[in-house]
Amino acid sequence: MSKFIVEHKRTHYCGDLRAVHVGQKVVLFGWVAGRRDLGGRIFIDLRDRSGLSQVVFGPDIDKRMGQAEGQGAHAHADVLRSEFCIAIAGTVVLRTASGGQTNLKLASGEIEVEASELQIFSRADTPPFQIEDDVETREEIRLKYRYLDLRRPVLQRNFQLRSKLYRLTRDYFHENHFVELETPFMVKYTPGGARNFLVPSRLNPGKFYAMAESPQIFKQLFMVAGMDRYFQIVRCFRDEDLRLDRQPEFTQIDVEMSFIDEEDIWAMIEGLVVRMWKELAGVDIARPFLRMPYAEAMGSYGEDKPDLRNPLKLHDLTAIVKEHKGGGVQIFEKIVEGGGIVKILRIPGTHAQKISGTEVRKLEDVAKGMGAAGLGSARLDPAGSGEALAWTQSPFGKTASEALRAAVQKAIGGGPGDLLFFQLGNPKVANTVLSQLRQQLGKKLDLLEKGWRFLWVTDFPMFEKGEGGTWVAAHHPFTSPKPEHVELLSTDPGAVQARAYDLVLNGNEIAGGSIRIHQREVQAKVFAALGLTEDDFRQKFGFLLDAFRYGPPPHGGIAFGLDRLSMLLTGATSLRDVITFPKTQNGTDLMSDCPTEVSQRQLDELFIASRPPPAKQ
RNA sequence: GGGGUGGUAGUUAAGUUGGUUAUAACGCCGGCCUGUCACGCCGGAGGCCGCGGGUUCAAGUCCCGUCCACCCCGCCA
């Protein structure tokens, strides 16, 4: 048996070796990242999680070590292949001192290790893709062989950074007198919000646990319990459709504090974020972060998580169009009379000239894919001048009155060559379409400024119109309304603003939270506005209401998407690159082939009958 | 549920108006090579063209369906 592991313990990681180690005997464990077999000299790139070191084998090296011919490390090294797991012992030498050249591309490029001993722990089949950063392989294959994908240096770096993120977070909250507490994953099902994954209860036939969407109610109970400051790094589960930045299970940094207001939360969170960026990205972020009311975000960007690196803006022209009674454009008149809106995305002339008429038509197809009836556009006469530039290449251009054109141009600060994209009618569709176009064009025209643009979005509406025209909680039903809006709860719920806030970074919602209701009468009014009786809620959230009879403190909190934070900090372009074993867009794990069917016996034990989905027609 | 992109050797791609034996690079296998680091040179193997159906004398190529992956809308209190 070899001396490795038992006697030869690892002395260094491959990527850490430098000129200062020259002359030292070292023991390295790792995987063969590449080989260059020159016959009398064999070079191996040895990889571990820290990086690479070049290992060199040669008959002269063996001889110096007193090995008989054909017995030394070199004699065995010719069988080495990619991804073999090996150990070597040897001496660190300066490459330039032993006939070689420094490799400037490698952190350890000044040195190499002359191998005197070699052990092959295990051989490897030819991997399905090369374990390198710049090899682009179909994601399907990467996910199937995730353990190999995870060997790639870029993912190794991502997860090492993520690990530091956990530690920094824990340090920060402990320093600020927070208590780290756990909450159950298997919880009572509560209606509303995201779909839950369900877990059948064998001991309680016919009943189900829900996998927690978040620890929301439990963390509020911690406040009732007097824990005062709580945090947790916790897995959450939501059975919704997946996206680039959404996985069915994901990790939150969950926070709740007592005896605080918004400013306290924001200050605490900004402190954490600034430290994350300082220590993990080496970037100083200015405080306090910018703040923007929800209404402004929707108005100027069409979304509640605007990417402020993108200079493009939306403009609501409804009032102007109304004032001019359509301004000669029939469809405008019809839309505003019907209570619809007229909204535009403005592309300033310097950028607009890069967008051809063909591309405009392609964008219309994109818009239709998102539910738009069409995509009106107009170019402010590039050759013109004055305050009422003609609208060229536009379905509205012929009839739009000079007065309307002047008013619009003034409102948007428009100039010759500007390209305007119109959305008419439904505000929700208009905002979706224009904000998407804004994002796509911002990227395509390379308009995004460099840097980190943090933003608190505030003053969210308390309620949204649900499917049946009833009011539903925009955040969750325990979110406190603004005190000055409490009276509106019964008269004009749509006008009530919540003490809720999101933290947005470069177009990503990275955290969201609110100040909660701690007064029973306010809670009752919110329930009433939601069209629910106290009995309804007693059934669903009774334990919380019960708890709130025993002196609940004023409290509030926030929850971070830790995966998204990791993604942004590492520069990853997908959540899947910061989650060790992610699921596909269909919610499956290609590596383990999950989910699967289970045996009839297992179902019987749970008193569950499974039936196939109806055949597609 | 809807819109879009893709699937050809282990990997990444090319494949013309449908027309001989489906190309290339990297990787892999064998041989040579003592300073390579994208090593080099010589030789070689490797294909359910995602799957199913159709049109055709003939389909990787055209049509229909379907599966998978990715991006987006809806959805995600």
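In this text the structure is predicted, and so the values were computed from the model without any measurement. Proteins come first, then strands; the chains are lettered A, B, ... in the order of their sequence lines, and each starts at number 1.
Here A/Leu106 lies out of heavy-atom contact (under 4.0 Å) with every strand. Within 4.0 Å (heavy atoms only), A/Leu242 reaches no atom of the nucleic acid at all. Counting any heavy atom pair closer than 4.0 Å across all strands shown, A/Gly100 reaches a base atom. Residue A/Gln436 is in sugar-phosphate contact alone, with no base atom involved, counting any heavy-atom pair closer than 4.0 Å across all strands shown.
Listed pair A/Ser82 / B/rG27 fails the phosphate criterion, with no side-chain N or O lying under 4.0 Å from OP1 or OP2. The phosphate of B/rC29 has OP1 or OP2 within less than 4.0 Å of a side-chain N or O from A/Arg81. Contact check, A/Arg576 against B/rC71: a side-chain N or O comes under 4.0 Å of OP1 or OP2. A close approach under 4.0 Å does occur between a side-chain nitrogen or oxygen of A/Gln585 and OP1 or OP2 of B/rC71. Here A/Lys368 does not reach the OP1 or OP2 of B/rC73: none of its side-chain N or O atoms lies under 4.0 Å away. For A/Gln130 and B/rC26, the shortest distance from a side-chain N or O to OP1 or OP2 is not below 4.0 Å. The side chain of A/Lys428 places an N or O atom within less than 4.0 Å of a non-bridging phosphate oxygen (OP1 or OP2) of B/rC75. The side chain of A/Thr584 contributes an N or O atom lying less than 4.0 Å from OP1 or OP2 of B/rA69. Close to B/rA69, at under 4.0 Å from its OP1 or OP2, lies a side-chain N or O of A/Thr588. Residue A/Arg36 places no side-chain N or O under 4.0 Å from the OP1 or OP2 atom of B/rU36. Not one side-chain nitrogen or oxygen of A/Arg41 sits closer than 4.0 Å to the OP1 or OP2 atom of B/rC37.
Rounding to whole angstrom units, CG of residue A/Asn103 and C1' of B/rC37 are separated by 5 Å. Atom pair A/Asp365:CG and B/rU5:C1' shows a separation of 14 Å (rounding to whole Å applied). Rounded to whole Å, atom C1' of B/rU5 lies 15 Å from atom CG of A/Leu244. Residue A/Arg138 contributes atom CZ, which lies 10 Å from atom P of B/rG50 at whole-angstrom precision. Spacing between atom CZ of A/Phe237 and atom C1' of B/rC76 amounts to 16 Å, rounded to whole angstrom units. Atom NZ in A/Lys444 sits about 15 Å away from atom C1' in B/rC71, given to the nearest Å. Rounded to an integer number of Å, the gap from A/Asn196 CG to B/rC76 P is 12 Å. Between the CD1 atom of A/Ile44 and the P atom of B/rG35 there is a distance of 17 Å, given to the nearest Å.
Looking at A/Lys305 and A/Glu509, no side-chain N of the basic residue comes within less than 4.0 Å of a carboxylate O on the acidic one, giving no salt bridge. Contact check on A/Asp307 versus A/Arg309 returns a salt bridge, with a Lys/Arg side-chain nitrogen under 4.0 Å from an Asp/Glu carboxylate oxygen.
Straight-line distance between the C1' atoms of B/rA58 and B/rG40: roughly 45 Å, to the nearest whole Å. Rounded to the nearest Å, the gap between the C1' atom of B/rU23 and that of B/rU61 is 15 Å. On the P atoms, B/rC64 is 15 Å away from B/rG6, given to the nearest whole Å. Taking atom P on both B/rC72 and B/rC28, the two are 35 Å apart, rounded to the nearest angstrom. To the nearest whole angstrom, the two C1' atoms, one in B/rA22 and one in B/rC49, are 8 Å apart. Straight-line distance between the P atoms of B/rG1 and B/rU8: roughly 27 Å, to the nearest whole Å. B/rG35 and B/rA24: their P atoms are spaced 32 Å apart (whole Å). Between B/rU55 and B/rC68, the distance separating the two C1' atoms is 26 Å to the nearest Å.
A/Arg151 pairs in a side chain to side chain donor-acceptor pair (under 3.5 Å) with only one of the listed residues (A/Glu132, A/Glu83, A/Gln156), which is A/Glu83. A side-chain contact (heavy atoms from CB on, under 4.5 Å) with A/Leu46 holds for exactly one of A/Ile86, A/Leu52, A/Leu80; it is A/Ile86.
Classification of the A/His12-A/His21 ring pair by plane angle, with boundaries at 30° and 60°, yields perpendicular.
The partner of B/rC62 is B/rG54, judged by Watson-Crick or G-U wobble contacts that both fall below 3.5 Å. Under the Watson-Crick and G-U wobble criteria, each requiring two contacts below 3.5 Å, nucleotide B/rA69 is paired to B/rU5. In this entry B/rG40 has B/rC32 as its Watson-Crick or G-U wobble partner, both defining distances falling under 3.5 Å. Searching all strands for a Watson-Crick or G-U wobble partner of B/rA22 with both distances below 3.5 Å returns nothing. The partner of B/rG46 is absent, by the rule that a Watson-Crick or G-U pair needs both atom distances under 3.5 Å.
When the nearest nucleotides of RNA chain B are assigned to A/Ile61 and A/Phe478 by heavy-atom distance, the more 5′-ward of the two goes with A/Ile61. The 5' end of RNA chain B is approached more closely, in terms of each residue's nearest nucleotide, by A/Gln440 than by the other of A/Gln440 and A/Arg564.
Defined by atom type and a distance below 3.5 Å, a donor-acceptor pair is present between the side-chain atoms of A/Arg36 and A/Gln54. Residues A/Lys343 and A/Gln423 have side chains that never bring a donor and an acceptor to within less than 3.5 angstrom of each other.
A donor-acceptor contact under 3.5 Å is formed by the side chain of A/Glu112 with the base of B/rG35. Checked by distance alone, A/Arg238 brings no side-chain donor or acceptor within 3.5 Å of a matching partner on the base of B/rC76. Taking only distance into account, the side chain of A/Arg95 meets the base of B/rC37 through a donor-acceptor pair shorter than 3.5 Å. For B/rG74, the base has a donor-acceptor partner in the side chain of A/Arg243 [N/O atoms by modelled type, under 3.5 angstrom]. Residue-to-nucleotide contacts include a donor-acceptor pair under 3.5 Å from the side chain of A/Gln54 to the base of B/rU36. One donor-acceptor pair, N or O on each side, does fall under 3.5 Å between the base of B/rG74 and the side chain of A/Asp241.
Here A/His555 and A/His518 keep their ring centres 6.0 angstrom or further from each other. Aromatic ring centres of A/Phe478 and A/Phe541 lie closer together than 6.0 Å. Between A/Phe237 and A/Phe185, a ring centre-to-centre spacing shorter than 6.0 Å is recorded.
Here the nucleotide nearest the side chain of A/Gln101, chosen from B/rG74, B/rC37, B/rU34, is B/rC37. When each of B/rU12, B/rG27, B/rC76 is scored by its nearest atom to the side-chain atoms of A/Ala194, the top-ranked nucleotide is B/rC76. Picking from B/rC73, B/rG35, B/rC75 the nucleotide with the shortest atom distance to the side chain of A/Thr432 gives B/rC73.
Under the stacking definition used here (centres under 5.5 Å, planes under 30°), the residue A/Phe43 qualifies as stacked on the base of B/rU36.
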